[in-house]
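What follows is one structure encoded as structure tokens, with my remarks underneath.
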Amino acid sequence: MTETSAAEPGDALLAGAPDRFNPDELLQRYARGRVRHFGQRQLLTGLGGITLWIVDGPLIGLLAIALALLGEAVDCLYLRGVTDRLNRGVTVERVRRISTLTGLFQALTIAGCVSLAWFGHAGALSIVYPAAFLAGAAINAGVVLPYHRSAGIARLAVYGLTVVMFIADYLARVNDAPGVQAMNVAGLLILMYLVVTFVGYALGVFDRQKHNILALADQARMLESANEDLMRRDAETRRLATALDHANDSVLVCGPDGRITWVNDGFTRTNGFTFDEAVGKLPGEFLNAPETDPATVAEISAALQDGRPFRGEILNKTKTGERIWIETNLVPVKRADGDGPPDMFVAVERDITRAKEQERELALARDAAEDGARAKSEFLATMSHEIRTPMNGVIGMADLLCDTPLDDEQRHYADTIKASSQALLKIINDVLDLSKLDAGKVELSPEPFDLRHCLEGVVRLMRPEAEKKGLTLTTDIAADLPDLVIGDDGRIRQVLVNLLGNALKFTDTGGASVSARAVPDEDSWGVVIEVSDTGVGIPAAKLDTIFDSFAQADATTTRRYGGTGLGLAISRRLVETMSGTLTVTSREGAGACFRVSVPLSRVPADMQAAPPAAALTDEDIAQLAGLDILVAEDSSVNRFLIGKFLGDLGLTLRFAHDGGQAVTMSDSQTPDIILMDMSMPVLSGIEATRQIRARPGPQPVIVALTANAFADDRAACIEAGMEAFLTKPVSREELLDCLLRSRPQVAAASEA
Ligand code: ADP
């Protein structure tokens, strides 16, 4: 009886191989085998029974058959239910033990049958028959030994003991001659030996088979996993190839010599060369244009040579001769062992012609914009200068005119000239401010100042306007508002004048109010100032746009109230430059409230506010007497004006008409102070100053007198060696104040 079932398909056999040889499975296979081969074994039982019937009579024959069947029945009935029992949870050990007992019992019944034969007539006739029977049973027991070891051993022990018993019995018999006896015993021993050898051989075959099947199963498993790996790689390769073919970028694979071995469809789409046209060529051979930068070509060659990656841009030509810009990313692919030169190079290339074009257009646009901004700035500076110079004349002359005796009508005309020219100056200043803000050229000059004083000053300034329109003007300054803060007093004043000016301008009945409160923070004072009015208000849709340059809430505004639409734009940007915010709440017809919220630094304990500029007294002015002043100015109107401003103060006043004359006169007359115009014929104010500063001897104080109002101009003046800076149109007070402030420097220079 063998248990290897050749009917099982090879794959399934291999797949389950390790399980097939575990002890539990072997036990079940043993049980199945014994049950399956039951009939086959009974052929031998039947044959033996019939033989005994013939030789020893029917009783012995039937007894032997019954005995053999009983043993088989007990064993097989138990073995039939083994799988069920195991499934029901009976332990393997228990099943093994019981089936060992049933096997033992079955072997005992066989030994009994054989003993019937041995001790009956049959045995007396021939010992070969029972011995052969026993040998058959022992072989059977030996063959199943690997499947159920204990049952096999039990059977073999029973059969072994039976043989020993037979030999002893045979030797005790006296009816055989000693020679015959010796031969028969030797024959029995040889049979035993053969049985043992056969069983040993069968066991060896079983072991070898087991080993081979397990080894085969291992190999099959390895083969299967290698196959799966292969299939996965194959799928991956196909996926990659599809992805590369559909990629927009060109992909080139080159061999170690740099020649193309593969290109994707993207390559053909980019430059028109097909796979067949490209393969085998060096990319440079057919892609480089005559204008391609030789340095880039050399760089790529060097990278190929050294097996280095390369990334860069290169000009290529397409199949139709069109020039395209390519960004290439070349990567060497090293051999698997990582040594030696690369196996191949992979280049991924992208057409960046459009991007390059856009980059170029952008650069041109940027240059143009910068040129435009520069031109605008220059234009504004020039305009400012050109307008300020005559304005200087208009305002100065109007001032002088107002100081002369005039009748009412004349005074009205003169006042109108003054007011109109002041308004014009405001517009010029606004336009200039805006362009400075645009150019980021507004610099704040934070200094300690008295906030309360600043607010009151603005209200005081606007009160006549309110009174003129019959409007109320109230202030509500919180008691906890700090007196001294650090900020740009002038710019805050400018914002408030604009807001309050608007409030009064756009209000016909009721009035305006200014309120201020502090929002103390860790080390800065947040100040919230609100300017509200009971005027026309602003439609909701315009609340955002009124802060845009040249924007007015209503087109009729200009006609009715005048204005340029610049004030709020400038105010908001000034406040933002101070890191603050300017917002508005308003309803049409229900007034408006503008809120300025600015952080202002706290004043350190040891710092004092700059004293407010006090009005000049006669004594102050008298101190100017005796000064020697040279006015370098090409405009006769301005020379006339300054002459008028300074004429009766007891100082020496001389005039130069251009820069060259200013230098000569400075040399020959050594004035104390030179009022130096900036743009003059022969030498500019800056150049003249440089020349004067370059000469030995006593140096005058030089004050720039200029219509150029930009911070750059101020910096240029200081850099050329000037001490002070006055912007046209300059008022008499400003001029006198500046001269007074320059006096100590004059004194210091003369002592030196
Ligand atoms: P301007 O006053 O020179 O027109 P602004 O920038 O100061 O320019 O103001 C822009 C617009 O905002 C004004 O034309 C006006 O329509 C609106 N506006 C400003 N302040 C007020 C206010 N207090 N009440 C009503 N409308 C205002």
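For ligands, and for the atoms within them, numbers begin at 1 and follow the listed sequence.
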Quick check on [X] - does any of its heavy atoms sit under 4.0 Å from an atom of ligand 1?
X: G537; result: yes
X: K542; result: no
X: F594; result: yes

Could you list which atoms of ligand 1 come closer than 4.0 Å to a heavy atom of [X]?
X: L568; value: 5 (P), 6 (O), 7 (O), 9 (O), 10 (C), 12 (O), 19 (C)
X: L566; value: 6 (O), 8 (O)
X: G567; value: 5 (P), 6 (O), 7 (O), 8 (O)
X: A503; value: 23 (N)
X: K505; value: 1 (P), 2 (O), 3 (O)

Any chance you could lay out the side-chain contact (heavy atoms from CB on, under 4.5 Å) test for V514 and I529, step after step, and finish with the verdict? CA-CA 7 Å; V514 178; I529 305 168; 4.2 Å; yes
Without placing hydrogens or testing angles, list every side-chain donor-acceptor pair under 3.5 Å for residues 578-593, not counting sequence neighbours.
| unit_1 | atom_1 | unit_2 | atom_2 | d |
| --- | --- | --- | --- | --- |
| S586 | OG | I538 | N | 2.8 |
| S586 | OG | G591 | O | 2.8 |

Are any non-hydrogen side-chain atoms of [X] and [Y] less than 4.5 angstrom apart?
X: E357; Y: T353; answer: no
X: L406; Y: T404; answer: yes
X: L401; Y: M397; answer: no

Given 3.5 Å as the limit, does a donor-acceptor pair link the side chain of S684 with the main chain of S679, or not? no
Pick one of side chain, backbone, both or neither for how D533 approaches ligand 1, counting any non-hydrogen atom pair under 4.0 Å. side chain
Under a 4.0 Å heavy-atom limit, does I538 contact ligand 1 with its side chain, its backbone, both, or neither? side chain
Listing, residues 637-648 side-chain donor-acceptor contacts under 3.5 Å, not counting sequence neighbours, or none:
| unit_1 | atom_1 | unit_2 | atom_2 | d |
| --- | --- | --- | --- | --- |
| N638 | OD1 | N392 | ND2 | 2.9 |
| R639 | NH1 | E633 | O | 2.9 |
| R639 | NH1 | D634 | O | 3.1 |

